Amino acid sequence: MCEPALGSGAFAIEAVRQLAAEYLKRKQEDLGERIDADKMPFELQKVKAHIALHQVYGVDLNATAVELAEISLWLDTMVAGLQAPWFGLHLRRGNSLIGARRAIYSPSHFTKKAWLTTVPKDVPLGEEIGTGIHHFLVPSQGWGAVIDTPEARTYALEKRDDLRLWRNGIRGNPTKTIIKRLSALAQRVEALWDFTARRLEIAELEIRRDIDIWGSEKSTRTPAVTREQIENVLTDPNGAYRRLRRVMDAWAALWSWPLTTEIEAPDWDQWVGGLEAILGTPIKVSSEEKKGQFNVFADMSWIELDAAESNELLFSGAKNCDDATSRFSWLSVADSISSSQGFFHWELDFAPVFLRGGFDLQVGNPPWVRPDWDEAGVLAEFDPWWQLTNKPAESIKRAKREETLAQENARDAFLDERTGQAGTKEHLGSGIDRPILAGLQPDLYRCFMSNTWRSSSMSGIVALIHPESHFTELRAKGLRRETYRRLRRHWQFRNEHRLFTEINNTREYGVHVYGCAKQEPNFLQASSLFHPDTVVRSLRHDGTGIAPGLKDSFGHWDSSAHLDRIVRVDANRLESWAALIDEPNTPKMEARMLYPINRASADTLNRIAIAPRMGDLQSEWTRGWEEDRDRKLGYFTSSSAVPTSWNDTILQGPHLTVATPLAKQPNPTMRSQKDYESIDLDTISADFIPRTNYQVARPYAEYIAAYPKWQSQPSSKLFRLAWRRMADSATVRTVHPAIIPPGPCHIHLVLSASLETIRDTALAAGLWSSIPVDFFAKVAGVSDLTQNVIRRFPHIQNHPLEAQLLLRTLRLNCLVRPYSPLWEELFTNSWQRDTWVAGVGFDYSGRAQISAVEPIWEWATPLRRAVDRRQALIEIDAIVAVMLGITAEELLTIYRTQFPVLQKYEREALYDATGRQLPGKLASEYRKKGSLKPSDLTVDGVTYQEPFVGVDREHDMTLAHKHFSDLLL
């Protein structure tokens, strides 16, 4: 087993513990015997020591971390009577992600530069390569990656131009002579790889410790090879292992060829010549000798290998290490880069493992970072100002950069860092070396996914903790396809319990268990978990009781177990998800992942999946003003004021929320993005305009001419469905839609759209305001509600409940006079026969029916009282659920499980005798004390009248669902 991102070895140590315990458990069952309780700890420790010494592998770039892992592994497994172990063959310092592999090109690839854009064929260790040429014997498209950086153009233009000419040349087709030499080198690679594999096989056997583990036969043996002999051979720069490793290192190093060396990078002849100096040229042998050569190596002893290897290198003409460097000076630069970057070549360095087919178990928590350029971090090595200053102006940064780079050796060090980063990023993003990641931004966790799959045996298991952005990223369809084929278990976690203290509590990640690739997907999934024990207990649960949600009835993150948490994802489920969230005809294996918290939620998604989509209609949409760009261009300025006209109004996200286009307005202080106050809908006039943080700065004609247009007119001239672009599934609502009138513009963190008809625009506003649609957005896991996302929202036309939905939608949205044309266009007499659902919320004195409206908009047309607006939203929830075929129980389940913040607000809410909602602090005080003095009931000029009552949303949704279902009978 292997921990490919070793660190301190925590995952390897825990794996050893669990495997040792499982071994003794199964061995006792197999033999029908029991270990005495007082002997169990000792027997367990011996098994742990045996596994740790003989079966644990790991790699880490940090040499100190490897040393720490060795110490930790030994301290956890040490047993009396066992001499100190040596982990030198198994725990290695190196870059797990960058190195050569056993993959080949055919000679035909070396015409028309085909090898530069062709994925080489992987050949398992132990199989013949035929006429193939190893990929690390030929130049790569990514060599000299620093050439393409702005730093190279700015600070080393001449060297950069020289290096670019070199790269153009080395990318050219090799001559027939060169191809012949490459083929000969491939034979030398195979010979040295055979020697190395046999060396390491013997070394593995010789370093074993005789540990008498319970239930197994005793073995006694006398090592024939010492640790010193093994180390001498494997560190000998003139031995087969180090020669082959040097060639692989050189190939990896040329991705990061520096701008600061005076030594020229190798052309084709220098490159091949250098490799020949290291590897030698083939020794002429008869066909019979060649046929049986590998078998001869396989039977050789350590001493016999010494002689055979010495003769092999002598007759091949391989040069002494120093002589090769002296003749081919570019090798010294490659060696320096390799020493710094620590490339690791899995099938060479762990050859015995790959001769057996790969690792049986790989575990770990790979880095969750992208290899991006951190200019400030590099410059801070010379001047801490770069880390201490927060967002300096670009002019200041420019001057400070020149000052910093003027320090002695700073510019060369800066360029070397950029060179290393560019080479690393280019290699990790290479579609040739990682074809399943082609077209994606390099991300270390994804590279570890790819590498572990490649290093796994046919029956091997990989278990990794890593982020999940590839499940929802639109471009990651190829990676999703390969992931679904391998997934066996998928447990998605939220860090609310701070199990990982180094990341934010809202960060999401997953435990992913992979096996060999299958044709059809079939894995178990659980979402929104807070503790791993929840999974273990849920797998054993009997399925009784109510399925848990995100939070329990006390408002705590819910870690309770239930069988319904476990959702099986197969081809049908993925097909349903693809129909729900992806473009038409998206293959099921490329479906973006959804995160239903239980089986009922998963079934509800199936119902939403068959509904018509908003994307089926013609629509226009816009981002509005680009906040930074257009402000710099002078179209508006940042200052607080109340516009005199809707035409001069620029809306931001907090202005609107669910079915409420006038929810908040910014305070004049403009202290932060949260410096907003709620708008009292009971007191605003029919001509109210909210305060804004941006003011028009150009003549209106010039200003509006620059705003995005629909059909040759400014998009702001129409009624539009607007919504906050940024989505957060952890908040009370994920989707915040509202209808905005003609006149106002908005910045890019608000998006807006107009559908085929004004009726469709209003319908969409109603549908989006419902819990079922918000639920869909939550489980989709999206954070950016772009057009590509919202076009997948359901859009149902000509339903018998359409009039009821429109009435409630418009009474919630049409808050001021500019909405009168919309109201009057869509008004229908049937609205005047509608009724509130009886028993929902409560009736206050003087309350009007939902049907108390006239064809002409007036101040009383919109719902202004909090209890009325709440009931209208609940009735919209029920109407949309009925439209989608969602049952009352399913509606309640998605509310219970996916809307914990809304549940909290509902539990804490109190309404007074006039239908107003008490402010949160007043409601809290009243609940705590049971009563308040009359003088305490006036807040911000509003006096709240007793009695105060609470509400029950589940009760209300049940009644509303029945009411609207009955209307269809």
Side-chain angles (χ1 to χ4, degrees), residues 1-5 11 15 57 96-97 101 103 119 121-122 124 346-347 353-354 356-368 428 431 433-440 442-473 475-493 508-527 535 539 566-575 577-578 582 586-595 781:
M1 66 177 168
C2 179
E3 185 174 355
F11 284 81
Y57 294 75
S96 288
L97 299 179
R101 69 183 198 273
V119 177
K121 177 187 176 183
D122 289 307
W346 287 83
E347 291 151 297
V353 173
F354 287 92
R356 296 194 300 267
F359 290 102
D360 302 306
L361 175 64
Q362 296 174 84
V363 295
N365 175 23
W368 301 2
L428 297 180
D433 287 87
R434 292 175 179 79
I436 64 173
L437 303 181
L440 303 178
D443 199 315
L444 296 194
Y445 90 83
R446 297 179 181 184
C447 295
F448 272 98
M449 289 169 61
S450 171
N451 274 34
T452 53
W453 296 346
R454 185 180 281 163
S455 300
S456 185
S457 68
M458 288 299 294
S459 59
I461 292 294
V462 178
L464 301 176
I465 298 177
H466 59 65
E468 308 213 323
S469 59
H470 61 291
F471 283 133
T472 53
E473 183 181 327
R475 294 183 302 168
K477 56 185 179 180
L479 179 55
R480 274 196 297 280
R481 181 175 57 249
E482 295 302 319
T483 301
Y484 290 146
R485 294 179 64 202
R486 292 172 170 82
L487 260 182
R488 301 293 187 269
R489 301 288 186 270
H490 172 225
W491 315 128
Q492 186 239 10
F493 287 85
E508 296 179 355
Y509 56 90
V511 171
H512 309 81
V513 180
Y514 304 105
C516 64
K518 299 190 297 186
Q519 287 298 111
E520 291 291 317
N522 195 330
F523 58 92
L524 299 182
Q525 171 171 305
S527 304
V535 176
L539 288 167
I566 310 300
V567 176
R568 181 169 294 280
V569 180
D570 56 15
N572 291 334
R573 182 88 62 192
L574 288 179
E575 193 167 33
W577 290 355
D582 290 305
T586 295
K588 60 191 175 187
M589 296 296 286
E590 297 175 5
R592 283 178 285 174
M593 180 167 281
L594 299 181
Y595 295 90

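These numbers were taken from a predicted model, which means no experiment stands behind them.
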Next on the checklist: Quick one, Val511 and Arg489 - any side-chain contact, counting heavy atoms below 4.5 Å?
Outcome noted: no
Checklist entry - Hey, mind stepping through Met593 and Gln525 against side-chain contact (heavy atoms from CB on, under 4.5 Å) and telling me if it holds? => result CA-CA 11 Å; Met593 180 167 281; Gln525 171 171 305; 3.4 Å; yes
Item to check | Over all atoms of both residues, closest heavy-atom pair of Thr483 and Leu479 | outcome: OG1-O, 2.7 Å
Next on the checklist: When you compare the side chain of Trp453 with that of Glu482, does any pair of heavy atoms fall below 4.5 Å?
Outcome noted: yes
Checklist entry - How far does CG of Leu428 sit from CG of Leu97, to the nearest 0.5 angstrom? => result 6.0 Å
Item to check | Stepwise side-chain contact (heavy atoms from CB on, under 4.5 Å) check, Ile436 with Met449 | outcome: CA-CA 10 Å; Ile436 64 173; Met449 289 169 61; over 6 Å; no
Next on the checklist: Please find the pair of heavy atoms, one from Gly431 and one from Val119, that lie closest to each other, and give the distance.
Outcome noted: O-CG2, 3.8 Å
Checklist entry - If we only count heavy atoms from C-beta on, is the Arg434 to Asn451 side-chain gap below 4.5 Å? => result yes
Next on the checklist: Does Lys518 have more than 12 heavy atoms from other residues, nucleotides or ligands lying within 6.0 Å of its NZ?
Outcome noted: yes
Checklist entry - Does a donor on one side chain and an acceptor on the other come within less than 3.5 Å for Glu468 and Tyr595? => result yes
Item to check | Non-hydrogen side-chain atoms of Val569 and His490 separated by less than 4.5 Å | outcome: no
Item to check | Tyr484 and Phe471 aromatic ring geometry - parallel, tilted or perpendicular at 30°/60° bounds | outcome: parallel
Item to check | Minimum heavy-atom distance Val535-Trp491, with the two atoms named | outcome: CG1-CE2, 3.4 Å
Next on the checklist: Under a 3.5 Å distance rule, please check whether Asp360 uses its side chain to pair with a backbone N or O of Ser457 as donor and acceptor.
Outcome noted: no
Checklist entry - Under the 3.5 angstrom rule, does the side chain of Arg480 hit a backbone N or O of His470 as a donor-acceptor pair? => result yes
Next on the checklist: Determine whether a donor-acceptor pair (N or O, by modelled atom type, separation under 3.5 Å) exists between the side chain of Arg101 and the backbone of Trp346.
Outcome noted: no
Checklist outcome for this item: Scanning both residues in full, the closest heavy-atom pair of His512 with Pro467 reads CE1-O, 4.2 Å
Checklist entry - Hey, are the side chains of Tyr514 and Leu487 touching, using non-hydrogen atoms and a 4.5 Å cut-off? => result yes
Item to check | Check: Asp443 and Trp368 side chains under 4.5 Å, non-hydrogen atoms | outcome: no
Checklist entry - In this structure, which one of Arg485, Arg573, Arg486, Lys588 forms a salt bridge (charged side-chain N to carboxylate O under 4.0 Å, His left out) with Glu520? => result Lys588
Checklist entry - Between Arg488 and Cys516, is a side-chain contact (heavy atoms from CB on, under 4.5 Å) present by the stated rule, with each step listed? => result CA-CA 9 Å; Arg488 301 293 187 269; Cys516 64; 3.9 Å; yes
Checklist outcome for this item: The reported gap from CZ in Phe448 to CG in Asn365 (rounded to nearest 0.5 angstrom) is 10.0 Å
Checklist outcome for this item: Shortest non-hydrogen pair, Leu437 vs Ser450, comes out as CD1-CB, 4.4 Å
Next on the checklist: Salt bridge or not between Glu590 and Arg481? Use side-chain N to carboxylate O under 4.0 Å.
Outcome noted: yes
Checklist entry - Nearest heavy-atom pair of Ser456 and Ile461: which atoms, and what distance? => result OG-N, 4.1 Å
Checklist entry - Side chains of Arg592 and Thr586: do they bring a donor and an acceptor to under 3.5 Å? => result no
Next on the checklist: In terms of relative ring orientation, are Phe359 and Tyr57 parallel, tilted or perpendicular, with 30° and 60° separating the classes?
Outcome noted: perpendicular
Next on the checklist: Is there a side-chain contact (heavy atoms from CB on, under 4.5 Å) between Glu3 and Gln362? Walk through the geometry before answering.
Outcome noted: CA-CA 6 Å; Glu3 185 174 355; Gln362 296 174 84; over 6 Å; no
